[in-house]
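Worksheet: one structure, shown below.
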Amino acid sequence: MHWADVAAKALSHKGEKHIVSTGITPSGEFHIGHLREILTGDMIARAARNAGLDVEFVFIVDTADPLRKVYDFLGPEYEQFIGHQLGSIPAPDADGNPDWPRFEKEGWTYGDHFLKPFLQALEQIGVRPRIIDNLESYRSGRFDALAKIACDRADEIREAIERISSRELPENWFPWSPLDSKGSLDGVTVTGYEYPLVHWKDMHGETGSSDISKGEGKLPWRIDWPAKWGWIGVTCEPFGKDHGAAGGSYATGREIVQILGHEPPHPLTYEWISLKGQGAMSSSAGNTIGPIEALDLVPPEILRLLVAKSKPNKAIEFDTGMSLVNLADEYERLAARDFEAELLDDGLSRRQRVQVEDAAGAMRMAAVEEGMAAQATAVTFRHLALLAQTKSTDDGVWESLRNAGAITEPTQAMTDRLSRMRAWIASKHFPEEMKISVLSTPNVEALNDLSQEEKSVLSTLAVTLEQCEWNATNIGSAIPQSAKDLDLSPKMGYRAAYAALMGKERGPRLAPILAEMEQNEIVDLLKACAAHVE
RNA sequence: GGGCCUGUAGCUCAGUCAGGUAGAGCGUCGGACUUUUAAUCCGAUGGUCGCGGGUUCGAACCCCGUCAGGCCCGCCA
């Protein structure tokens, strides 16, 4: 059973109606790590729907959270906004400075700035949650009732946090963080409480009162989260391993939510996605790949497969180089399989059966549109990468595929894939290993590895190519013909040609590539190689 | 200090919850395709299940211990 189905089954034991929730703080560029959060939720919601449950999927945008620091991508002017809520401050412009005009005219905030592109990516990837703006929820009084309970029962909550996280809270700790005279949540001391007012004194020496029913402040994170579960009615929530550890925010949250009069949601802890060789992704460290950036390179279903195929507790290592090629090719292979037919085989061991079922489940979850069957394109990423590099026009690529019998006419999916492939090849992410390059000087090592017969082909090949009219057809026939002229198999001709021209044992079709190059350069290279082996 | 997760074939991982002959994919190697060879098809290779004990007729799986990597107990997907 796929992991999402396992989660759905657990939910079905608890009731018919469910709300699966996810949440992210829009403090900086969203990256594909965030995609795991939301895709995990989306997949559980889908699986629950498949299991016949009534389920809604929500995405909470934590716009009530404060700006923690002036990140590298922000200008020094942001110093003044530290501690201010992300949904109440201006967005950075192209230079990282506050975009005041847009903030004042359109109400375009810091949170909007980072959220918007992420939502576009979600649309492409087939995730359509109900979006809840947390700051807006505070302001409209959604938290009112539960925030009141939290303040009324502050001692119980303090006890729970101190006991479970084994940390000591400061003397003046209070389960409500008021906004100060400047609109910051930092450095405010609570001096009293009479519902709905929380009285405070800030670090500028000012005093005032915060109305919790109007959201003039917020609940601290460890209470904010369970309060959300409460008023929204969350029954299931995936969260990162940081929240999941003993003493972490889920552990305190599950107890606090009961103080607030609700039941904790079914938890699902997931591991992080890291960039190969660079550790965990972090917006501030700058080692991120944005969802939009990733979608420029690969189709959404392949990105979905990345999350779907790994159980949540497995760390995912990702990169936009060879990992992506392998992932995309895996998608193609899976798309070409007929899982139902495979499962009919009674000879399958339990183990093999589970593997087929998991693969089928992963592909079901990878579909951008729920329930749509994957279409195998019959062309692997590797092959397409090769064609895209050797054919300058799209028509040239289609023609080659038609000749190979892979397609009749290019589908929309194929066209999309090719344009993404071209973007990928042009980007810094395209792996060296996939690049096609012809040598400029002989690769001695590769030549030495050739057999005596293979070596003997080189001089004949150089002569044949020197005399032929320079086009792909002639070049294509010259390689095997040179071998045949010596009573050798065409294979030896190819081995010799690849060793001489690319320094490898095998490679992509040489003729169309060579046809694009200068005849005399190729001939000279072959002559130099032939001279070397004699 | 306390706790959580991970460790299985060269690589990525299933299998651990319900103990019953170690499984996939990739890679590698070999063969086929006799003017194509990053393609396709066929076949083969490959593991003291981190380590040490215990329970059991039987342990990758359960229990105890131990090592290694990651994480949490301020904020963080």
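Sequence lines set the chain letters: A, B, ... in the order given, protein chains first and strands last, and positions in each chain run from 1. What you see below is based on every heavy atom in this structure, not just the backbone, and it leaves out hydrogens, waters and symmetry mates.
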- Item | Side-chain N or O of A/Trp3 closer than 4.0 Å to phosphate OP1/OP2 of B/rA14 | no
- Query: NZ of A/Lys116: more than 12 outside heavy atoms within 6.0 angstrom?
  - Reply: no
- Item | Atom-to-atom span, CG of A/Asp242 to C1' of B/rG3 - whole angstrom | 15 Å
- A/Trp221 side-chain proximity, nearest of B/rC75, B/rA14, B/rU37: B/rC75
- Message: Under 4.0 Å, heavy atoms only, any strand: does A/Arg163 hit a base, just the sugar-phosphate, or nothing?
- Response: nothing
- Message: Does B/rU36 have OP1 or OP2 under 4.0 Å away from a side-chain N or O of A/Arg495?
- Response: no
- Message: Expressed as a whole number of angstroms, how long is the span from A/Leu305:CG to B/rU12:P?
- Response: 17 Å
- Item | Sugar-phosphate, base or nothing in reach of A/Ser249, heavy atoms under 4.0 Å | nothing
- Crowded around A/Arg254 CZ? As in, over 12 foreign heavy atoms under 6.0 Å? no
- Message: Base, sugar-phosphate or nothing for A/Asn313? Non-hydrogen atoms, less than 4.0 Å.
- Response: sugar-phosphate
- Query: Do the rings of A/Trp225 and A/Trp229 sit parallel, tilted or perpendicular, given the 30° and 60° boundaries?
  - Reply: tilted
- Message: Output the rounded distance in Å from CH2 (A/Trp225) to P (B/rC75).
- Response: 11 Å
- Item | Distance test, side-chain N/O of A/Lys311 to OP1/OP2 of B/rG15, below 4.0 Å | yes
- Note on the structure: If pairing means Watson-Crick or G-U wobble with both distances under 3.5 Å, then the partner of B/rC4 is B/rG70
- Separation of A/Ile479 atom CD1 from B/rU34 atom P, in whole Å? 17 Å
- Message: Judged by each residue's nearest nucleotide on RNA chain B, which is more toward the 5′ side, A/Ile316 or A/Pro480?
- Response: A/Ile316
- Task: For the pair A/Arg158 (side chain) and A/Phe174 (backbone), establish whether a donor and an acceptor sit closer than 3.5 Å, ignoring hydrogens and angles.
- Result: no
- Whole-Å distance, A/Asn474 CG to B/rU36 P, equals 15 Å
- How is A/Arg68 classified with respect to the nucleic acid when contacts are heavy atoms under 4.0 Å: base, sugar-phosphate, or nothing? sugar-phosphate
- Item | Nearest-nucleotide comparison on RNA chain B, the residue closer to the 5′ end among A/His243 and A/Glu168 | A/Glu168
- Describe the nucleic acid contact of A/Ala315 in one word from base, sugar-phosphate, nothing, applying a heavy-atom distance below 4.0 Å. sugar-phosphate
- Item | Watson-Crick or G-U counterpart of B/rG43, or none if no pair lies under 3.5 Å | B/rC29
- Short side-chain N/O contact to B/rG7 OP1/OP2 from A/Lys314, under 4.0 Å: yes
- Query: Any idea which of B/rU34, B/rA14, B/rC26 is nearest the A/Arg333 side chain?
  - Reply: B/rC26
- Task: Grab the NZ-C1' distance between A/Lys241 and B/rG3 for me, whole Å please.
- Result: 14 Å
- Task: Could you check whether the rings of A/Phe239 and A/His243 sit parallel, tilted or perpendicular, using 30° and 60° as the cut-offs?
- Result: perpendicular
- Does A/Pro291 offer a backbone N or O that forms a donor-acceptor pair with the side chain of A/His34 under 3.5 Å? no
- Query: Whole Å only: how far is the CG atom of A/Leu67 from the C1' atom of B/rC75?
  - Reply: 12 Å
- B/rG25 P sits how many Å from A/Leu306 CG, rounded? 21 Å
